[in-house]
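Counting begins at 1 with the first residue of the sequence. As the structure is a computational prediction, the values presented were derived from the model and not from experiment.
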Amino acid sequence: MTSVFKYDGQSLVDYGEKLSVSIGNDVWIGRGAMLMAGVTIGDGAVIGARAVVTKDVEPYTIVGGVPARVLRSRFTRETIEKLEKLKWWLWDDEKIACNIGLFVDHDFSDKVVKLLQRDADQPDAHVDLIKFAEPFLLETGRDGIKWPEETTQRAYTGASGKMLLGRTIDFVEKVRELFPRIETQNWTGLDYGVGWGRVASVMSAFVPPERLDCCDPWEKSLSLAKNCGLSNKMILTPPVLSGNEFSKKKYDLIYAYSIFTHLPETDFIRNVRILVNCLTSGGLMIFTVREPHFLKYMERTGLVSDAALDEAGFWFGNAQNANYGDTVVNEAWIDRNLAPLGEIKRVGALSSEPFQCIITITKR
């Protein structure tokens with residue numbers, strides 16, 4: 001009698017003689033699929049619902065039918081070879097958290113190539129930053145810095161703990177890539193919208209507190225940042241900048257993570273202009289925006305209905321007050337309103353937060 005394994009949607013059910021079936025990592029098996037005894041399912045394979053698999057399935061191959069036949073490969077041969085080399089299922093939880101967006105991004109194969117190249121160029125860079133920042137989550141902290149309780153973390157970001165740490169490291173690594181001077185510590189910076197200090201705390205790996213100023217329009221945030229152990233200069237700013245908040249100081253780097261994703265149009269434009277004016281010649285501003293696909297996400301999840309960009313390419317809604325809500329922009333709006341300020345570059349989405357798209361402006 002031939003042994004067969006049937007997938008019932010929860011577990012493999014064995015009918016008959018117990019013979020080996022080998023199933024790799026990252027495999028998806030549809031409901032009701034049957035795997036004949038002795039077959040091997042390669043890593044990343046997809047087995048269609050009710051398929052009857054009678055022979056081995058190659059890695060990252062999609063099969064279906066009775067008997068199962070190859071429908072197509074999930075990726076190019078080159079990408080499959082790189083995925084087999086990557087072996088992401090052997091990563092620890094921290095590394096997976098730092099790269100969570102890799103698994104939901106439509107540019108998956110491109111991101112795999114870039115990730116492998118980054119690891120080849122800097123094999124220990126990401127791990128080192130994780131080791132540096134992990135103690136912030138512990139009761140003992142590190143260098144006097146300790147993140148607040150998880151309820152506070154979630155209140156500000158919707159996430160907490162290692163997941164939030166991974167997202168923060170993802171952004172800081174991108175800053176590290178875009179601003180090579182970060183390694184020298186010979187620069188001055190501004191954390192615009194510091195919140196309770198999650199990005200500034202990780203940035204302390206590269207710059208002493210006296211060289212990185214922090215600002216926020218909410219006094220409670222600055223108080224939380226101080227309580228977390230940050231000794232940076234804390235500046236209370238209005239929601240709409242006047243240009244006098246920073247005492248005519250010039251910065252080499254200004255970054256704003258998930259700040260301009262919440263500002264109305266006039267505030268957005270004015271604050272970016274003032275901040276770019278606070279840069280040194282050749283200085284860099286790094287900030288995130290949300291692009292039109294975020295509107296589709298909000299519609300699918302019931303956060304908005306029938307939302308659309310205006311003719312200029314801007315949308316502001318879900319306002320909690322006159323200066324804070326949800327903001328979505330398109331590339332044309334960015335180019336039209338911000339191009340006069342300097343050289344603009346659209347870097348792309350963060351791997352851990354696909355709705356946070358990085359924009360840089362280099363002051364001429």
Legend entry - Donor-acceptor contact below 3.5 Å, side chain T301 vs main chain Y297: yes

Legend entry - Contact summary for A51 and A68, nearest pair of heavy atoms: CB-CB, 4.3 Å

Inset, instruction - Would you name the heavy atoms of P264 and T327 that are closest together and state the gap between them? - result: N-OG1, 4.4 Å

Inset, instruction - State whether a side-chain donor-acceptor pair under 3.5 Å links W147 with S201. - result: yes

Legend entry - Heavy-atom side-chain contact between L138 and K146 under 4.5 Å: no

Inset, instruction - Heavy atoms only: give me the nearest L165-A133 pair and the separation to one decimal. - result: CD1-CB, 3.6 Å

Inset, instruction - Could you tell me whether R176 and E183 have a side-chain N and a carboxylate O separated by less than 4.0 Å? - result: yes

Legend entry - Q153 (side chain) donor-acceptor with G161 (main chain) under 3.5 angstrom: yes

Legend entry - Residue pair V172 / L129, side-chain heavy-atom distance below 4.5 Å: yes

Inset, instruction - Taking the side chain as every heavy atom from C-beta outward, state whether V276 and I254 have any atom pair closer than 4.5 Å. - result: no

Legend entry - Residue pair G229 / I145: nearest heavy atoms and the distance that separates them: O-CG1, 3.9 Å

Legend entry - 4.5 Å side-chain heavy-atom contact, T360 and F287: no

Legend entry - Electrostatic pair K296:E299 at N-O distance under 4.0 angstrom: no

Legend entry - Smallest separation among heavy atoms of H293 and P354, with atom names: NE2-O, 3.6 Å

Inset, instruction - Find out whether T237 and F246 are in side-chain contact, i.e. whether some heavy atom of one side chain is under 4.5 Å from a heavy atom of the other. - result: yes

Inset, instruction - Determine, for F179 and R181, whether the Lys NZ or Arg CZ falls below 6.0 Å from the six-membered ring centre while staying within 45 degrees of the axis. - result: no

Legend entry - Heavy-atom check, side chain of V63 versus side chain of L71, under 4.5 Å: no

Legend entry - More than 12 heavy atoms of other groups within 6.0 Å of E245 CD: yes

Inset, instruction - Examine distances only and state if a side-chain atom of R270 and a backbone atom of L241 form a donor-acceptor pair shorter than 3.5 Å. - result: yes

Legend entry - Between T168 and Y257: side-chain donor-acceptor atoms closer than 3.5 Å: no

Legend entry - N/O donor-acceptor pair under 3.5 Å between D326 side chain and N318 backbone: no

Legend entry - Side chains of R74 and I62 in contact at under 4.5 Å (non-hydrogen atoms): yes

Inset, instruction - Answer yes or no: is there an ion pair linking R154 with E150, defined by an N-O contact shorter than 4.0 Å? - result: yes

Legend entry - Side-chain donor/acceptor of T76 to backbone N/O of T79, under 3.5 Å: yes

Legend entry - ring-ring contact (aromatic ring centres under 6.0 Å, His included) evaluation trace for H262 with F316: CA-CA 8 Å; H262 298 289; F316 178 74; 9.2 Å; no

Inset, instruction - Output every pair passing salt bridge (charged side-chain N to carboxylate O under 4.0 Å, His left out) with a member in residues 207-218, not counting sequence neighbours, ordered by first then second residue. - result: D213-K249

Legend entry - Validation row: M298, W315 side chains within 4.5 angstrom (heavy atoms): yes

Legend entry - Side-chain donor or acceptor of D170 paired with backbone N/O of S352 under 3.5 Å: yes

Legend entry - I41 CD1 to I23 CD1 distance, which is reported to the nearest 0.5 Å: 6.5 Å

Legend entry - For K220 against Y156, the heavy-atom pair lying closest together: C-OH, 4.4 Å

Acceptor/donor pairs from residues 334-345 side chains to any protein atom, 3.5 angstrom cut, sequence neighbours excluded:
unit_1: R336; atom_1: NH2; unit_2: A312; atom_2: O; d: 2.3
unit_1: N337; atom_1: ND2; unit_2: W333; atom_2: O; d: 3.0

Legend entry - From CA spacing to verdict: ring-ring contact (aromatic ring centres under 6.0 Å, His included), Y255, Y192: CA-CA 6 Å; Y255 62 83; Y192 179 69; over 10 Å; no

Legend entry - Single-linkage hydrophobic cluster, 4.5 Å side-chain cutoff, V207 and L279 together: no

Inset, instruction - Verify, without hydrogens or angle tests, whether N232 (side chain) and L212 (backbone) share a donor-acceptor contact under 3.5 angstrom. - result: yes

Legend entry - Polar side-chain atom of T288 near backbone of S258 as donor-acceptor pair, under 3.5 Å: yes

Legend entry - K250 side-chain N/O to N277 backbone N/O, donor-acceptor pair under 3.5 Å: yes

Inset, instruction - Decide whether L230 and V175 are clustered together by the hydrophobic rule: side chain heavy atoms of Ile, Leu, Val, Met, Phe, Trp, Tyr closer than 4.5 Å, transitively. - result: yes

